[in-house]
Amino acid sequence: MSKNHFLRSIAENDIKNGKHDYVYTRFPPEPNGYLHLGHAKSICLNFGLANDLNGKCNLRFDDTNPEKEDEEYAESIRQSVEWLGFKWSKLCYASDYYDQLHGFAVELIEKGLAYVDDLNAEQMREYRGTLTEAGKNSPSRARPISENLDLFERMRKGEFDEGQYTLRAKIDMTSPNMTLRDPIIYRIRYAHHYRAGDKWCIYPMYDFTHCISDALEGITHSFCTLEFQDNRALYDWVLSNITIDENLNGEKGKLMPRQIEFGRSNLEFTIASKRKLIQLVKDGHVSGWDDPRLTTLVGLKRRGYTPKSIRDFCAEIGVTKKDSVIEMTVLENAIRHDLEASAKRVFGVLKPLRVVITNYPEGQSETFTVKNHPKDDEMGTREIPFGREIYIDHDDFMLDPPKKFFRLGPGREVRLRYGYAITCNDVIHDDKGDVIELRCTYDPLTAKGQTSDGRRIKGIIHWVSATHALDAEVRVYDRLYTEPNPSAADDFITLLNADSLRVFADAKLEPSLAQGKQEDRYQFERVGYFCFDEKDNSTNKIVMNRTVSLRDTWAKVKR
RNA sequence: UGGGGUGUAGCCAAGUGGCCUAAGGCACCGGAUUUUGAUUCCGGCAUUCGAAGGUUCGAAUCCUUCCACCCCAGCCA
């Protein structure tokens, strides 16, 4: 159940007042790109509201521009909607309504409410006027109905060139609302449509198509974003001037869908513009539409975001009439919250530093049985092997540590989580002076959290047995841009974060991960949440992605 | 500047004349618990609702004026 918001109130009141018996919404993407977080908000709104109020919701492709659309996009959109956890009542395509749409256009012509215009694009711009000056009527506006009918039919038959003629609604060239200045409702396009094929060479425009599609499907509430507020007048004009005696559900009578607008939400440090996304993909700045740094739904999925976390995020940001900019931490909080409860705990070392425990007998090993989740016993236990040589993370050792560093340093003692306490006696450097190995001793009396003398060991670090460790490549992602609002820049490419992807090619993982499942999520204790990469992980090579880090107050202290 | 919208904390966002000396989440700051510097817990965080006037016993909510920001002049959606 999502939260209350003004659209839900409107829908509920419409039912309470008897205006409608049910709510029927639709999610209407154009199949010209991949879905992103902004679409998720619309999906959760439309499907979520229908679910909550026992109504229906269609997935409808608004596919009236053959030049931009493709089945590849449509397929991905269907998958993303399903992945988010929603089921459509009907799968619809505006392109399935082309015949009916054509009929309604003829009806408008017959009523003297539409005419065929021969103005070219440039002339039309001149006649349209400006924001502050009225437009003037095209000479074609006076064309007789019979001639309009004939010309429109010949447009349909393909007797003219692209751009030679358009069909326009006859409304008001002096309207202060620009969308009402005799909008084009049909244009000539000799383009192959991914579904309709080559049947048509005239294609209906959005404003004409959308309202009629809604009416045909019996939609009660047509939610869209704020920039369509001016278009609402045209939406209503079209529907009040055509005749729909019966909709596709067999309902009779005038059932007017109502368009209501809500504000877009933008996420800081991201770009949703399709044009710019295409540029990133084409120029190789990212690996594809599903690059884990992108906030496309396929990218978020590959990154390890769960459908629930995205639904929760959408509920959290709300629905209002105000465009908003959401901080990244809200999204991160949503996925951390979900994964904290559901992810199995494991040990993974991203930057391995070899540690030899000199007083542990050579060739000996033992296993510790540990919980998969600290609070959820139903998630069971697993065994982790321990031996003379282990790896710890380089970040857990400092040659000259500051006071508050509760980890390893020369002469210091830390606890190996679930294991013994070790003390660092020697530090081995290579020729360049870099630390490459630690020599430590362990205290056999410190298993199970105890110490023999009651001393308190503050530091606890994770580790993995060197002889049992799995090799893996671990990819760690950061924000793609260096600025919170990259879209505002002249050239957003210059704002790309050079460190948005860090690859840890020599990561060492605990052996239980060999039985890991693609769909499972893991918490590398003290590090973050990880998943297997859906494309590059294989039986030969383990590849994992960091979904999000754990909250890190130590990182703040360091700063 | 014609038309259409929006303005409540750093970011979202409840609230639609009195129980508002304004919910909740994120962020931030304490403090407790903790074999994850995680989680959890407890506490703090707007005398003020874009500004100024006005109406009213009483206003974030009503009125007036002003200010700021967003959208519209595609044969895109």
Side-chain angles (χ1 to χ4, degrees), chain A residues 3-5 28-30 32 62-65 67-69 117 119-121 124-126 128-135 162-168 174-181 183-189 203 205-207 209-210 224-233 261 263-265 268 274 312 315-334 336-337 340-341 345 347 370 373-375 404-407 415-419 421 446 448-450 457-462 484 523-528 549-557:
Chain A
K3 290 183 175 180
N4 196 27
H5 52 70
E30 183 187 15
N32 67 343
D62 220 335
D63 52 357
T64 56
N65 185 355
E67 288 163 331
K68 289 190 173 175
E69 297 152 5
D117 201 347
L119 252 32
N120 65 32
M124 207 170 288
R125 201 177 312 123
E126 283 164 18
R128 189 154 34 226
T130 68
L131 295 177
T132 51
E133 297 159 39
E162 283 190 6
Q164 193 177 154
Y165 285 104
T166 56
L167 182 68
R168 294 230 258 168
T174 68
S175 173
N177 180 346
M178 299 297 289
T179 66
L180 260 20
R181 318 249 262 228
I184 293 172
I185 56 177
Y186 263 92
R187 78 286 211 184
I188 300 172
R189 270 300 104 91
Y203 288 92
M205 299 285 286
Y206 163 83
D207 285 300
T209 308
H210 203 96
C224 63
T225 42
L226 252 28
E227 70 270 26
F228 292 102
Q229 286 175 117
D230 289 341
N231 302 244
R232 188 173 64 239
E261 310 83 12
R264 283 178 187 272
S265 291
E268 275 189 346
K274 257 163 215 164
D312 289 348
E316 204 51 64
I317 64 176
V319 181
T320 66
K321 293 205 71 162
K322 191 174 79 171
D323 287 327
S324 57
V325 181
I326 314 293
E327 289 178 347
M328 196 66 110
T329 52
V330 181
L331 215 212
E332 290 175 347
N333 176 260
R336 283 196 186 112
H337 188 80
E340 154 61 27
R345 270 57 173 175
F347 284 166
V370 305
H373 189 107
K375 291 180 183 168
K404 292 274 207 169
F405 188 78
F406 309 140
R407 306 177 190 180
R415 173 174 294 285
L416 297 175
R417 182 148 159 89
Y418 296 128
T446 53
K448 303 260 186 309
Q450 267 95 51
I457 302 166
K458 177 79 177 165
I460 297 159
I461 63 174
H462 57 101
Q523 184 196 93
F524 288 7
E525 293 206 43
R526 303 206 312 128
V527 182
S549 68
L550 250 35
R551 254 195 208 94
D552 189 358
T553 47
W554 167 242
K556 280 172 204 154
V557 172

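In what follows, chains are A, B, ... by sequence order, proteins preceding strands, each numbered from 1. Values reported hereafter were calculated over all heavy atoms of this structure, with side chains retained and with hydrogens, waters and symmetry mates removed. Computed from a predicted structure; not experimentally measured.
Neither OP1 nor OP2 of G24(B) sits under 4.0 Å from any side-chain N or O of K3(A). In this model, the phosphate group of C76(B) is approached by a side-chain N or O of R189(A) to a distance below 4.0 Å at OP1 or OP2. A close approach under 4.0 Å does not occur between any side-chain nitrogen or oxygen of T179(A) and OP1 or OP2 of C72(B). Taking only side-chain nitrogens and oxygens, R187(A) comes nearer than 4.0 Å to OP1 or OP2 of A77(B). Distances shown here put every side-chain N or O of R336(A) at or beyond 4.0 Å from the OP1 or OP2 atom of C26(B). Contact between the side-chain N/O atoms of R526(A) and the OP1/OP2 oxygens of G37(B) is found at a separation under 4.0 Å. Close to C76(B), at under 4.0 Å from its OP1 or OP2, lies no side-chain N or O of K274(A). The side chain of T320(A) places no N or O atom within less than 4.0 Å of a non-bridging phosphate oxygen (OP1 or OP2) of C12(B). Between T64(A) and A77(B) there is a side-chain N or O to OP1 or OP2 distance below 4.0 Å. When the side-chain nitrogen and oxygen atoms of R181(A) are compared with OP1 and OP2 of C72(B), none of them lie within a distance under 4.0 Å.
Heavy atoms of I184(A) sit under 4.0 angstrom from at least one base atom. Here N231(A) lies in heavy-atom contact (under 4.0 Å) with a base. Using a 4.0 Å heavy-atom criterion, one finds that T130(A) contacts the bases of the nucleic acid, with or without backbone contacts as well. If you check every strand for non-hydrogen atoms under 4.0 Å, R128(A) touches sugar and phosphate atoms only. Counting non-hydrogen atoms under 4.0 angstrom, F228(A) reaches a base of the nucleic acid. At a threshold of 4.0 angstrom between heavy atoms, the contacts of P374(A) include nucleobase atoms, whether or not backbone atoms are also involved. Within 4.0 Å of F524(A), counting heavy atoms only, lies no atom of the nucleic acid at all. At the heavy-atom level, D230(A) lies under 4.0 Å from base atoms of the strands shown. Counting any heavy atom pair closer than 4.0 Å across all strands shown, D207(A) reaches no nucleic acid atom.
Put simply, CG on L131(A) is 14 Å from C1' on G74(B), counting in whole angstrom units. Here U6(B) presents its P atom at 17 Å from CZ of R264(A), a figure rounded to the nearest Å. The CD atom of Q523(A) sits 16 Å away from the P atom of U35(B) (whole-angstrom rounding). Between the NE2 atom of H373(A) and the P atom of U40(B) there is a distance of 10 Å, given to the nearest Å. Look at CD on E332(A): it is 16 Å from P on A38(B), rounded to the nearest Å. Rounded to an integer number of Å, the gap from E133(A) CD to C72(B) P is 19 Å. Here A77(B) presents its P atom at 7 Å from CD of E69(A), a figure rounded to the nearest Å. In this entry the distance linking NZ of K322(A) with P of G15(B) reads 14 Å, nearest Å.
In this structure, C28(B) forms a base pair with G44(B), meeting either the Watson-Crick or the G-U wobble geometry with both donor-acceptor distances under 3.5 Å. In this entry U64(B) has A52(B) as its Watson-Crick or G-U wobble partner, both defining distances falling under 3.5 Å. For G2(B), the paired nucleotide is C72(B), the pair qualifying as Watson-Crick or G-U wobble because both relevant distances are below 3.5 Å. Nucleotide U33(B) forms a pair with no other nucleotide shown, judged by Watson-Crick or G-U wobble geometry with both contacts under 3.5 Å.
One distance of note links CD of E268(A) with CG of L331(A); it measures 11.5 Å at 0.5 Å rounding.
Side-chain atoms of T225(A) never come within 3.5 Å of backbone atoms of R264(A) as a donor-acceptor pair (strictly under, hydrogens ignored). S324(A) places no side-chain N or O within donor-acceptor distance of the main-chain N or O of I326(A), the cut-off being under 3.5 Å. Between the E316(A) side chain and the D312(A) main chain, no donor and acceptor come within less than 3.5 Å of each other. Side chain of D323(A) to main chain of G263(A): no donor-acceptor pair is present (N/O by atom type, distance under 3.5 Å, no hydrogens or angles). A donor-acceptor pair under 3.5 Å is formed between the side chain of R181(A) and the backbone N or O of R128(A). Q229(A) places a side-chain N or O within donor-acceptor distance of the main-chain N or O of L226(A), the cut-off being under 3.5 Å.
Taking 3.5 Å as the limit, the base of G10(B) and the side chain of E327(A) contain a donor-acceptor pair of atoms between them. Side-chain atoms of R125(A) and base atoms of G74(B) include no donor and acceptor less than 3.5 Å apart. Judged by distance alone with a 3.5 Å cut-off, a donor-acceptor contact links the side chain of R345(A) to the base of U36(B).
When distances are taken from the side chain of M178(A) to each of A27(B), C72(B), A77(B), the shortest belongs to C72(B). Of the candidate nucleotides C75(B), U36(B), C26(B), C26(B) has the atom nearest to the side chain of V330(A). The R407(A) side chain lies nearest to G37(B) when the options are C28(B), G37(B), C26(B).
When the C1' atom is used for both A32(B) and U56(B), the distance is 49 Å, rounded to whole Å. Look at the C1' atom in both G15(B) and C62(B): the space between them is 16 Å, to the nearest Å. Comparing the same atom, P, in A60(B) and in G44(B) gives a spacing of 23 Å after rounding to whole Å. Nucleotides U8(B) and A13(B) are separated by 8 Å at their P atoms, to the nearest Å.
Under the 4.0 Å criterion applied to side-chain N and carboxylate O atoms, K68(A) and E30(A) are not assigned as salt-bridge partners. Taking a cutoff of 4.0 Å between a charged side-chain nitrogen and a carboxylate oxygen, K322(A) and E261(A) do not qualify as a salt bridge.
Nearer to the 5' terminus of RNA chain B, by closest-nucleotide assignment, is the contact made by N177(A) (compared with the other of K321(A) and N177(A)).
The aromatic ring of W554(A) is stacked on the base of G37(B), with the two ring centres less than 5.5 Å apart and the planes inclined by under 30°.
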